[in-house]
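Below is one structure, written out as structure tokens; the observations come after it.
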Amino acid sequence: LASFIVPEGITRIGSEAFSYCNNLTTIILPEGITRIGSKAFSECSRLASISIPESVTRIENEAFFGCSSLTNILIPKKVVEIGSSAFERCIGLTSITLPNGVKSVGDFAFRDCIGLTSIILSDSLTQLYCGIFYGCKSLTSIILPDDVNCIGSEVFYKCENLQSIISSFEEMKHDLV
């Protein structure tokens with residue numbers, strides 16, 4: 001299975017629906033899908049292209065875990081939650097923008113995304129949970145949203161090239177330096 005078009009009328013991609021489909025390179029999801037389930041596309045190592053419909057509101061735990069060929073993914077504006085390890089080990093991912101509707105990003109969501117050089121965070125985020133950017137070796141700088149009031153453990157652990165964390169909070173700048 002190299003490509004697949006999900007039929008109209010489907011509203012959710014269930015847990016592990018396409019997990020370990022190693023030959024899958026492209027998938028087209030119809031408008032109307034609201035959730036991408038846990039491990040839905042995990043370990044689809046050749047998946048290079050996916051268009052997430054604007055109707056999606058949740059990307060659950062490990063949804064794209066280990067999709068090492070993904071280089072770019074557009075998160076729709078209606079997404080409010082990204083689960084734990086959702087994009088962990090997506091080593092080809094180079095940039096990502098979290099729209100302002102995203103209120104929660106789970107633990108280790110971008111862990112070991114070693115190619116990630118650029119990330120724009122949602123202004124709605126108030127907490128950065130455990131290890132979100134753990135091992136993102138290519139990340140050099142990040143701008144924290146104004147309302148971030150909690151930075152969890154290991155958030156920037158093994159971000160070897162991280163040179164600047166920019167925040168509007170003077171106290172936070174002092175605490176992180």
Side-chain angles (χ1 to χ4, degrees), residues 1-4 6 13-29 33 35-53 56 58-77 79 81-99 102 104-122 125 127-145 148 151-166:
L1 180 66
S3 64
F4 187 74
V6 175
I13 303 296
S15 296
E16 300 184 54
F18 295 91
S19 194
Y20 288 94
C21 287
N22 294 325
N23 292 322
L24 186 65
T25 59
T26 305
I27 189 152
I28 299 172
L29 303 175
I33 289 178
R35 286 183 181 227
I36 297 176
S38 296
K39 300 182 182 180
F41 299 99
S42 70
E43 301 293 352
C44 291
S45 59
R46 292 189 183 135
L47 182 63
S49 175
I50 186 166
S51 179
I52 300 176
V56 170
R58 284 185 166 56
I59 299 171
E60 295 181 358
N61 298 347
E62 299 181 38
F64 295 96
F65 181 99
C67 292
S68 54
S69 295
L70 268 181
T71 56
N72 185 7
I73 194 157
L74 181 62
I75 306 294
K77 292 178 183 176
V79 170
E81 181 182 335
I82 296 174
S84 297
S85 300
F87 296 96
E88 184 173 337
R89 289 189 23 223
C90 290
I91 61 174
L93 196 60
T94 58
S95 68
I96 195 156
T97 298
L98 301 181
V102 175
S104 175
V105 179
D107 295 347
F108 302 107
F110 300 99
R111 181 180 180 164
D112 292 329
C113 290
I114 60 175
L116 190 63
T117 58
S118 170
I119 186 155
I120 298 173
L121 297 175
S122 164
L125 287 176
Q127 297 183 9
L128 299 180
Y129 291 107
C130 180
I132 289 178
F133 304 111
Y134 182 115
C136 292
K137 296 178 180 188
S138 299
L139 194 62
T140 57
S141 68
I142 191 163
I143 300 171
L144 300 180
V148 166
I151 296 177
S153 62
E154 299 179 331
V155 167
F156 300 109
Y157 187 67
K158 293 190 178 180
C159 292
E160 299 163 358
N161 292 303
L162 187 62
Q163 296 174 9
S164 69
I165 299 171
I166 301 166

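No hydrogens, no waters, no symmetry mates; every other heavy atom, side chains included, goes into these values.
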When you look at L93 and F64, which way does the side chain to side chain contact (heavy atoms under 4.5 Å, CB included) test go after all the steps?
-> CA-CA 11 Å; L93 196 60; F64 295 96; over 6 Å; no

Side chain to side chain contact (heavy atoms under 4.5 Å, CB included) between L162 and F133, worked out = CA-CA 11 Å; L162 187 62; F133 304 111; over 6 Å; no

May I have the step-by-step check of side chain to side chain contact (heavy atoms under 4.5 Å, CB included) for L121 and V148, ending in yes or no?
-> CA-CA 10 Å; L121 297 175; V148 166; 6.0 Å; no

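The heavy-atom pair separating I91 from D112 by the smallest distance is CG2-O, 3.6 Å. Residues V155 and Y129 approach most closely at CG2-O, 3.4 Å, considering heavy atoms. Closest heavy-atom contact between S138 and I114: OG-O, 2.6 Å. Closest of all the heavy-atom pairs between S122 and P145 is O-CG, 3.0 Å. Nearest heavy-atom pair, L125 versus S104, reported as atom, atom and distance to 0.1 Å: CD2-N, 3.9 Å. The shortest non-hydrogen separation linking R111 to G131 is CB-O, 4.3 Å.
Using a 4.5 Å heavy-atom cutoff, the side chains of I75 and I59 are in contact. The closest side-chain heavy-atom distance from I151 to L144 is below 4.5 Å. The shortest distance between side-chain heavy atoms of L139 and F110 does not fall below 4.5 Å.
Between the side chain of S164 and the backbone N or O of S141 there is no donor-acceptor pair closer than 3.5 Å. Although no hydrogens or angles enter the test, the distance criterion places no donor-acceptor pair under 3.5 Å between the side chain of N61 and the main chain of G83. With hydrogens and angles disregarded, a donor-acceptor distance shorter than 3.5 Å links the side chain of T117 to the backbone of T94.
A search for side chain to side chain contact (heavy atoms under 4.5 Å, CB included) contacts involving S153 returns C130, not counting sequence neighbours. With sequence neighbours excluded, no residue satisfies side-chain hydrogen bond (donor to acceptor under 3.5 Å, both in side chains) with E16. Listed by chain and residue number, F18 satisfy the ring-ring contact (aromatic ring centres under 6.0 Å, His included) test with F4 (two or more places apart in sequence, or in another chain). The side-chain hydrogen bond (donor to acceptor under 3.5 Å, both in side chains) test applied to E88 returns S85, not counting sequence neighbours. Legend: residues meeting side-chain hydrogen bond (donor to acceptor under 3.5 Å, both in side chains) with E154, ordered by chain and number and at least two apart, are absent.
Environment of CG in L1: crowded, with over 12 heavy atoms of neighbouring residues, nucleotides or ligands closer than 6.0 Å.
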Which donor-acceptor pairs under 3.5 Å do side chains of residues 37-52 form with protein atoms, sequence neighbours excluded?
from : atom 1 : to  : atom 2 : distance (Å)
S42  : OG     : S19 : OG     : 2.7
S42  : OG     : K39 : O      : 3.4
R46  : NH1    : N23 : OD1    : 2.4

